[in-house]
Amino acid sequence: MAHNQEGNDKQVHYVGDSRVRADRPKLYPKDYAEFPGKTEAFFPDFLLKEWMVAVVFLVGFMTLVMSEEPPLGELADPTNTSFLPVPDWYFLFLYQLLKYKWAAGKFVVVGTVILPGIAFLALMLAPWLDRSKERRPLKRPVATGIMVTTLIAISALTWAAEYEHEQQLESAPGEAPENTEVVAKDSQGYQIYSENACIKCHGENLEGKNGPSLLGVGNKLSADQITKIVEEGRGAMPAGMFQGSPAEEKVLVEWLTKQTQK
């Protein structure tokens, strides 16, 4: 600081030292034009595209909802012991998982806690398990592997649950066809039918008790198909229920094929 005195007037001069360069570039964000095809303004460009995709998805979803009627089951009946309850479709894979021996019974904790816990934990840790900036799936093996494995497992378990449920429905008691009677009730085939466990589930007149009605079964199934069901079972009917000889089985199958709807 310089000090100068002339008469009664005083002047003070301040001298400063700045170490900030005058030509230092200003820290402004780069313009979007410098990144063609890689970035864009969030509003309105990016937000508008997201909105358009959401509208297309919503319109398609609502079209499917209005064009396809929701499936409705039978009326609620507390006395119907043959009703087979199943969860909604988005829980079918977990429902199917609990049918396997290694995830049910004594090991139910595996199917209810351990496996779902591993799946959700992998989903939560996915951002840390794969931190690659690549956008191509083949360049991100960890994230891609987790996604593909999860989709395959959920799809396979859901399909298995739906398939088994359809098989159980086919083997569940149902209404007998109208204008249909037991054919050749006094034959050897009916005698074999009544001496085995068949009559306990399907009824004396094939009307169906704990199992489906066999009236008109000849219209629905061939002899080979009936033989396969008798030997291997289907749905709620286990294999080995028929205790007769091969010759008696053949007679029974021939008799069942004659049970046709008039």
Side-chain angles (χ1 to χ4, degrees), residues 25-77 80 83-100 103-104 108-170 172 174 235:
K26 296 181 180 180
L27 299 178
Y28 292 143
K30 294 184 179 181
D31 190 82
Y32 290 114
E34 298 185 25
F35 304 94
K38 295 184 178 181
T39 184
E40 58 185 343
F42 177 77
F43 181 84
D45 300 342
F46 180 79
L47 193 61
L48 180 60
K49 291 181 179 179
E50 290 288 306
W51 180 81
M52 292 175 64
V53 172
V55 169
V56 172
F57 175 81
L58 180 62
V59 171
F61 180 78
M62 294 304 298
T63 301
L64 292 176
V65 170
M66 292 184 290
S67 62
E68 185 70 20
E69 295 184 1
L72 299 177
E74 300 177 0
L75 294 176
D77 183 4
N80 182 12
F83 177 70
L84 299 173
V86 291
D88 291 321
W89 64 269
Y90 43 83
F91 283 133
L92 278 179
F93 69 98
L94 290 175
Y95 170 75
Q96 181 66 19
L97 184 65
L98 297 177
K99 294 182 181 180
Y100 300 113
V108 68
V109 67
V110 176
T112 56
V113 178
I114 297 179
L115 290 180
I118 292 175
F120 283 110
L121 185 63
L123 183 63
M124 292 177 61
L125 296 179
W128 290 273
L129 294 175
D130 185 0
R131 306 182 66 177
S132 173
K133 296 182 180 180
E134 289 285 345
R135 301 182 65 180
R136 290 173 292 180
L138 295 179
K139 294 293 185 177
R140 305 182 64 179
V142 175
T144 303
I146 293 175
M147 179 191 67
V148 172
T149 302
T150 302
L151 290 177
I152 292 176
I154 292 177
S155 301
L157 290 173
T158 302
W159 176 85
E162 183 66 22
Y163 176 78
E164 290 187 10
H165 182 61
E166 291 179 356
Q167 295 294 315
Q168 291 175 346
L169 288 178
E170 292 180 3

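We use all heavy atoms of the structure for the numbers below, so side chains are in, but hydrogens, waters and symmetry mates are not.
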Nearest 0.5 Å, please: how far is [atom2] in [Y] from [atom1] in [X]?
| X | Y | atom1 | atom2 | result |
| --- | --- | --- | --- | --- |
| W51 | L58 | CH2 | CG | 10.5 Å |
| F93 | T150 | CZ | OG1 | 9.5 Å |
| M62 | F57 | CE | CZ | 11.5 Å |
| D130 | L125 | CG | CG | 12.5 Å |
| L94 | T158 | CG | OG1 | 8.5 Å |
| I154 | T149 | CD1 | OG1 | 11.0 Å |

Worksheet item: If every non-hydrogen atom of L97 is compared with every non-hydrogen atom of A103, which pair is closest and at what distance?
Response: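 Closest pair (atom of L97, atom of A103, distance): O-CB, 3.4 Å.
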Worksheet entry | Contact summary for M124 and W128, nearest pair of heavy atoms |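 Heavy atoms of M124 and W128 come nearest at O-CZ3, 3.2 Å.
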Practice prompt. Using ring pair (Phe, Tyr, Trp, His ring centres under 6.0 Å) as the criterion, list what pairs up with W89, not counting sequence neighbours.
Written response: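 Scan of W89 (ring pair (Phe, Tyr, Trp, His ring centres under 6.0 Å), adjacent residues dropped) gives none.
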Discussion item. Could you go through T144 and L138, starting from their C-alpha distance and side-chain angles, then the distance that decides it, and tell me whether this counts as side-chain contact (heavy atoms from CB on, under 4.5 Å)?
Written reply: CA-CA 7 Å; T144 303; L138 295 179; over 6 Å; no
Worksheet item: Which one of Q96, H165, E162 satisfies the side chain to side chain contact (heavy atoms under 4.5 Å, CB included) criterion with V86?
Response: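 Exactly one pass, corresponding to H165.
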Item to complete: Count the heavy atoms of every other residue, nucleotide or ligand shown that sit under 6.0 Å from CZ of F46, and state whether that count exceeds 12.
Response: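 At most 12 heavy atoms, drawn from other residues, nucleotides or ligands, come within 6.0 Å of this atom.
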Practice prompt. Please examine the side chains of L115 and V110, heavy atoms only from C-beta on, and report whether any two atoms are closer than 4.5 Å.
Written response: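 Yes - at least one pair of side-chain heavy atoms lies under 4.5 Å apart.
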Compile the donor-acceptor pairs under 3.5 Å between side chains in residues 63-70 and protein atoms, sequence neighbours left out, one pair per line.
| from | atom 1 | to | atom 2 | distance (Å) |
| --- | --- | --- | --- | --- |
| T63 | OG1 | V59 | O | 2.7 |
| S67 | OG | T63 | O | 2.9 |
| S67 | OG | L64 | O | 3.3 |

